[in-house]
Each structure stands twice: as C-alpha cells, then as structure tokens.
Amino acid sequence: MISVANRLAHIEEYYFSMKLREVAALKAKGRPIINLGIGSPDLDPPERVLNGLVEAFEDPSAHKYQSYQGTPELREAIAGFYKKQFDVQLDASKNILPLMGSKEGILHISMAFLNPGDEVLIPNPGYPTYASVTNLVGATPVYYDLEASNNWHPDLLTLEKNGLEKVKLMWVNYPHMPTGAIASNKLFDNLIAFAKRNNILLVNDNPYSFVLNPFPRSILKYKGAKETCLELNSLSKTFNMAGWRVGMVLGHEHYLKAILKVKSNMDSGMFLGIQRGAIEALECSELWFGSLNSVYEKRRQIVWQIADALKCTYDKSATGMFVWAKLPEHIDAEDYVDLILEERSVFIAPGTIFGSNGIGYIRISLCAEIEELEEALKRLS
Ligand SMILES: Cc1ncc(COP(=O)(O)O)c(C=O)c1O
C-alpha cells in the first residue's frame with residue numbers, strides 16, 4: 001500500500017463522520033435511534049428558493065462552468081442582506097466572495113494566509129474544523145480558553161501576556177457553537193483592537209446569527225474591522241440549506257484576492273441553480289426569521305426538559321440550534337453519551353469533541369421534530 005501524506009499524521013476522521021456510521025449501523029439493525037447529535041437543519045428552506053433553482057434550468061448557461069466569484073447577482077444579494085440585517089456596507093465587486101459552505105472557507109483562508117510554523121488561536125471549546133485545517137496546512141493550533149464564568153468570551157489580557165509573536169490568525173465564532181454564547185459590542189471592539197495590536201488576522205465564523213438570537217451582529221460593523229477582520233457566513237442554518245452548500249467570506253479586497261487565488265484553483269464555480277436559489281433566500285422578508293425561530297423555540301422547550309431529565313444545568317439565554325448542558329459532577333460525557341445511545345437509542349453529542357473545556361458537557365440539537373423530541377424525553381426521563 002502507498003503511504004499517506006505526513007500532513008495526515010495529526011488528523012483524525014471527523015467525529016460525526018465516524019459516529020454517524022455507528023448510528024446508521026444501529027438503525028440498519030432496526031434500532032429506533034433518535035439523532036439529537038448533529039446540527040443539520042431538518043426544516044424546509046423558503047419555498048421561493050426552490051422556484052429560483054427550478055427556473056434556472058430554463059437558462060441555457062445553467063449547465064456551463066460558472067464564475068469563480070459567483071454571479072454578480074448573488075454578490076449583490078449578499079451585499080443587500082448584509083446591509084439590511086447588519087447595517088454593513090459591502091461592495092459586491094470587492095468585499096464578497098461566495099463559497100460552497102463556510103466550512104470550505106476555513107480551509108481556503110488557512111491556505112491563503114498560513115505558513116508552516118505560524119500559530120493560530122482557536123477557541124476551546126469550538127468547532128473542530130479550525131484545528132484540523134490548521135494542522136492540515138502545517139500551522140500550529142494554540143487553543144484559547146472559553147469558560148462559562150467569563151460568558152464563554154476569551155481572556156485577551158492573559159493571551160497577550162503569553163506572547164503572540166508567532167500568531168498570524170485567530171478564529172472567533174459568535175454566536176458561539178457549541179455554547180450559544182454571543183459577543184457583546186465591547187468584546188468585538190476589544191477583539192479588533194487586540195488583532196490590530198498584535199498584527200493578527202481575525203476571522204469571525206458567523207453561521208448562527210439568526211437562530212434564536214435576538215441580537216444578530218456582524219464583526220464587520222465594528223470600527224477598524226475592515227483592515228483586520230474577515231467574516232464567514234452561510235445559508236446552511238439561516239435558511240435550512242445545509243445540503244446546498246452556500247456560504248460566503250466577506251472583508252477587505254486585499255484578503256479576498258488572496259483567498260480567490262486558492263479557491264479558483266480548487267473549484268470551477270457554483271451551479272447556477274444553487275446561486276439563483278441562494279439569491280431568493282437572501283431576499284426573504286423578515287417573516288422568514290420569525291417563522292424559523294418560532295419552531296426552534298417550541299423545540300427548545302422540550303430540549304430543556306430533556307436536559308432537566310438528565311439533571312443537567314444550562315443557560316436559558318444562550319442562542320443557536322443546540323442546548324449546551326452541563327452534566328452533574330463526575331459524569332464522563334463520552335461514556336454517558338454511549339450509554340444513552342446503547343440503552344435509550346438517543347444520540348447526543350459529547351462536549352469533549354469540541355475541546356477539553358467541553359469536558360462534563362453535552363450538546364443537544366434542536367434539529368428534530370417535536371414528536372421525536374417528546375419521544376426522546378420519554379426515553380430519558
Ligand atoms: C461553527 C461552525 N462553523 C461552520 C460550520 C459549517 O457550516 P457550512 O459549511 O454548512 O456553512 C458549522 C457547521 O456545523 C459550524 O458549526
């Protein structure tokens with residue numbers, strides 16, 4: 001057998017890629033598994049999105065390669081969305097690059113800005129892809145602690161004291177997954193000042209803004225952000241379009257040109273129908289957000305009851321499509337999650353997959369119908 005590349009030495013298969021195989025195998029044996037592990041929205045996208053997709057088939061250019069930068073119409077729709085939702089003014093020809101999901105943006109940004117040996121600040125707990133991609137490009141993850149006692153915000157003073165000479169990039173993710181914490185105005189101001197002082201590219205990964213969040217914010221709205229920040233966003237959670245793979249990176253054209261150098265060598269544009277559907281989503285009225293959140297609100301009531309049944313504590317002011325719940329002392333999250341899967345056929349994510357500060361926590365997804373959540377509650381009560 002041919003050996004694999006050295007860069008894979010520190011990379012594991014994604015936890016959910018492995019675990020969902022196990023869950024699928026149990027299902028195939030007839031086990032009635034309820035999956036509350038992953039955040040794959042189960043609700044429909046806005047109806048007009050499907051019209052946008054279908055109508056694109058009438059366009060003779062639909063089957064051709066598309067622009068590496070997305071169509072001008074899609075970029076304009078993103079600019080309109082950012083203006084309307086965040087009051088951020090973006091130039092559609094300079095500050096917006098559509099992506100195939102925000103996840104790919106994490107790799108593109110890392111490839112565009114990191115050299116082997118560069119250090120990258122990564123939230124603990126946080127989305128595991130930041131660290132795996134950092135390893136893939138030969139840079140070094142440096143985890144920063146997020147703790148409940150500090151509202152899951154970083155302690156920038158301590159970080160600065162520890163020396164940041166080799167740090168080139170910092171990932172932040174507010175609203176934060178998995179905790180549901182949001183940034184304050186002060187935190188964003190402080191982060192931007194911190195990034196400037198230390199010559200760090202600050203990237204806010206922002207796909208959860210519109211889920212049960214009364215204060216949607218973009219870091220690009222804050223003073224000084226355009227010189228030192230990028231933002232990733234996505235239609236996956238906002239419009240229930242995770243499988244469509246539509247995301248975007250926003251920021252200064254200097255940064256976007258570098259990312260385009262990477263991206264244009266990796267794919268050959270996004271299918272036109274998907275772009276047309278995405279435009280329809282971005283142009284939805286405010287009613288969309290209300291209807292989305294009224295469903296999640298009802299679901300969250302039951303998920304809170306599930307967390308109560310497991311004797312967990314949790315923060316009712318947290319946002320997002322998960323409930324991040326602290327287990328009673330001395331319970332090992334991974335063992336407990338396996339036990340629940342084995343004995344009650346309910347799959348929940350252990351907090352440890354998001355880093356060592358997830359020890360003692362579980363993450364319960366709101367991406368399941370009320371009936372399934374009620375059944376899970378019955379099984380776990
Ligand atoms: C924090 C965070 N960032 C990025 C993503 C990727 O989202 P997508 O690639 O679907 O836009 C996810 C997906 O779960 C996430 O939780």
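Predicted, not measured: the structure shown is a model, and the values here were computed from it. All values below were derived from every heavy atom in this structure, side-chain atoms included, with hydrogens, water molecules and symmetry-related copies excluded. Counting starts at 1 for both ligands and their atoms, in listed order.
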Open item on the list: Could you check whether any side-chain heavy atom of P154 comes within less than 4.5 Å of a side-chain heavy atom of D145, counting everything from C-beta outward?
Closed with: no

Task: Validation row: F113, I259 side chains within 4.5 angstrom (heavy atoms) - done: yes

Task: Numbered atoms and elements of ligand 1 in range of G101, under 4.0 angstrom, heavy atoms - done: 9 (O), 11 (O)

Open item on the list: Could you work out, for atom 4 (C) of ligand 1, the closest of D205, I106, T238 by heavy-atom distance?
Closed with: D205

Open item on the list: Is it the case that the ring center of F354 lies less than 6.0 angstrom away from the ring center of W152?
Closed with: no

- [ ] Would you indicate whether the side-chain heavy atoms of R276 and D59 approach each other to under 4.5 Å?
- [x] yes

- [ ] Give a yes/no verdict on whether any heavy atom in A242 is under 4.0 Å from an atom of ligand 1.
- [x] no

TODO: Under 4.0 Å from a heavy atom of S234: give me the atoms of ligand 1 that qualify, with their elements.
DONE: 8 (P), 11 (O)

Open item on the list: Please compare R245, K237, M100 and report which has the shortest non-hydrogen distance to atom 14 (O) of ligand 1.
Closed with: K237

Task: Side-chain heavy atoms of N162 within contact of V142, under 4.5 Å - done: no

Open item on the list: Would you say the rings of Y127 and F16 are close, in the sense that their centroids are separated by under 6.0 Å?
Closed with: no

- [ ] Pull out every atom of ligand 1 sitting under 4.0 Å from any heavy atom of M177, numbered as shown with elements.
- [x] 1 (C), 16 (O)

Open item on the list: Can you report which non-hydrogen protein atom sits closest to atom 16 (O) of ligand 1, along with the distance?
Closed with: Y208 OH, 2.7 Å

Open item on the list: For G39, is there any backbone N or O sitting under 3.5 Å from a side-chain donor or acceptor partner on K237?
Closed with: yes

- [ ] For N173, take its heavy atoms, then give the atoms of ligand 1 lying under 4.0 Å from any of them.
- [x] 1 (C)

Open item on the list: Within ligand 1, which atoms have a heavy atom of S236 less than 4.0 Å away?
Closed with: 8 (P), 10 (O), 11 (O)

Open item on the list: Quick test: of every protein heavy atom, which one is nearest to atom 7 (O) of ligand 1, and how far off is it to 0.1 Å?
Closed with: S102 OG, 3.3 Å

